[in-house]
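Structure first, commentary second.
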Amino acid sequence: MSNLPPGTVLPGLKFKQRLPLLHLIFERCLFSIILLFAVSVLIFGGLEALPGDFATTYLGQSATPQAVANIREELGLNRPVVTRYVHWFGNAVEGDFGTSWASKNSVGEQIGKRLGNSLFLAGFAALISVPLALCLGMLAVHFRNRMPDKIINVISLAAISLPEFFIGYILIMFFSVKFGVATFPATVFDGMGFLDRLKAIALPTATLVLVVLAHMMRMTRAAILSVMSSAYMETAELKGLSAFRAIVKHAAPNALAPIINVIALNLAYLVVGVVVVEVVFAYPGMGQYMVDAVTVRDMPVVQACGLIFAAVYIFLNMAADILAIIANPRLRHPR
């Protein structure tokens, strides 16, 4: 039995009732932090569970047991797993990802260079795909069940069905090998001009755009169509608004919440899913860096890349949730 007087409202419950918007945003942020911590445990534990270790791979099969033991002691691999995880995660929170076992270089410095390349590629793909997906989605709604809508649906289904590496190889074969109008491999370097950099990433950007565009467009179409059956849309049409203007002015803004979620998920994929595209086009980004590290079992690099990819994915999903909450008028103006 509670000893509180009747009608007493707990501080946390009072905050939730008076400021539901801020309460939900706080919940999403807290959940994202907990999720990132859980993912860090999975990344570290999963890599630890893999058979073999770096010392054996680095020294080769002919290495003596003493040499392997010396390498393990030098790298701290003989310490308990929990101790090593706490040390690694504590340093990672401060931005220190340690030193690469293979190259002996700072992992943070190497990631700093490559992360910029990956974000440039993903950002430019997003700059093209997001507005194009919104426009095509509204166009498909405007011409629903007619020829333009059917053509857009067929092309989007084909794009969704094809894996990104297949699309990449097709683009390379036609635009680089056959016609010679695009650059391959997609090599970028410090001091490279902006226009030269854009030319270098043309094919990987096109691949990413084709991969995410179809999904965003189809979800935009579905979200707007669900709003079109509302009573206020019928009222807008009765007032004399053209069908396309009613879609742009009334339907699209009211379908923002699901559209924002879909866009955020695809933006997260653009950053995390560049791994395959970077390998196909030999692009010097985070994905290529992680794959190279996996081949030599360079665990500090793999752990750092995995944690950064997870953090970006979780952050973008959190941002999508917060934007969807803010876009909800019932939460912005509680009674």
Side-chain angles (χ1 to χ4, degrees), residues 57 97 100-130 132 155 158-215 266-310 312-313:
T57 304
F97 294 103
S100 167
W101 292 349
S103 66
K104 307 302 180 183
N105 294 323
S106 169
V107 176
E109 291 180 3
Q110 294 298 313
I111 285 178
K113 297 176 183 177
R114 294 181 176 259
L115 181 60
N117 291 338
S118 292
L119 290 178
F120 180 77
L121 175 60
F124 198 71
L127 195 64
I128 296 173
S129 60
V130 172
L132 192 57
I155 294 175
I160 290 174
S161 303
L162 298 175
E164 54 265 51
F165 68 86
F166 182 79
I167 295 175
Y169 288 134
I170 291 294
L171 293 178
I172 291 170
M173 184 179 70
F174 279 99
F175 294 100
S176 183
V177 177
K178 190 171 184 179
F179 299 115
V181 295
T183 302
F184 178 80
T187 304
V188 296
F189 49 86
D190 293 339
M192 191 176 189
F194 182 73
L195 293 178
D196 291 334
R197 188 178 287 260
L198 289 183
K199 184 179 178 181
I201 68 167
L203 289 183
T205 300
T207 303
L208 288 173
V209 168
L210 288 173
V211 169
V212 301
L213 177 64
H215 186 237
N266 281 276
L267 290 180
Y269 171 79
L270 282 176
V271 177
V272 179
V274 293
V275 175
V276 175
V277 175
E278 288 181 0
V279 172
V280 169
F281 291 95
Y283 183 75
M286 283 276 291
Q288 182 69 56
Y289 186 43
M290 185 172 72
V291 171
D292 292 342
V294 169
T295 59
V296 295
R297 299 185 62 85
D298 194 348
M299 292 301 104
V301 175
V302 179
Q303 289 166 347
C305 291
L307 187 64
I308 290 173
F309 280 141
V312 170
Y313 193 86

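These figures come from a predicted structure and were not determined experimentally. Excluded from the calculations below are hydrogen atoms, water molecules and symmetry mates; all remaining heavy atoms, backbone and side chain alike, are included.
- Of the residues Thr187, Val188, Asp196, the one that meets the side chain to side chain contact (heavy atoms under 4.5 Å, CB included) test with Ile201 is Val188.
- No more than 12 heavy atoms of other residues, nucleotides or ligands lie within 6.0 Å of CZ in Phe175, so this atom counts as exposed by the packing criterion.
- Considering only heavy atoms from C-beta on, Ile111 comes within 4.5 Å of Tyr289 through its side chain.
- Aromatic ring orientation, Phe179 versus Phe174: parallel (interplanar angle below 30°, classes split at 30° and 60°).
- Side-chain contact between Thr205 and Leu121 is present, with heavy atoms from C-beta onward closer than 4.5 Å.
- Interatomic distance, CZ of Phe120 versus CZ of Phe194, reported as 4.5 Å (0.5 Å rounding).
- If you take OH on Tyr169 and CG on Leu162, they are separated by 14.5 Å, rounding to the nearest 0.5 Å.
- Between the side chain of Ser129 and the main chain of Val212, no donor-acceptor pair closer than 3.5 Å is present.
- Between the NZ atom in Lys113 and the CG atom in Leu115 there is a gap of 13.5 Å [rounded to 0.5 Å].
- Residues passing the side-chain hydrogen bond (donor to acceptor under 3.5 Å, both in side chains) test with Arg197 are Asn117, sequence neighbours excluded.
- Glu278 places a side-chain N or O within donor-acceptor distance of the main-chain N or O of Gln288, the cut-off being under 3.5 Å.
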Practice prompt. Kindly indicate, with the supporting measurements, whether the criterion side chain to side chain contact (heavy atoms under 4.5 Å, CB included) is fulfilled by Leu203 and Thr183.
Written response: CA-CA 8 Å; Leu203 289 183; Thr183 302; over 6 Å; no

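- Distance check, rounded to the nearest 0.5 Å: CZ of Phe281 to CG of Leu208 gives 8.5 Å.
- Contact of the Ile308 side chain with the Met286 side chain is registered, since non-hydrogen atoms from C-beta on lie closer than 4.5 Å.
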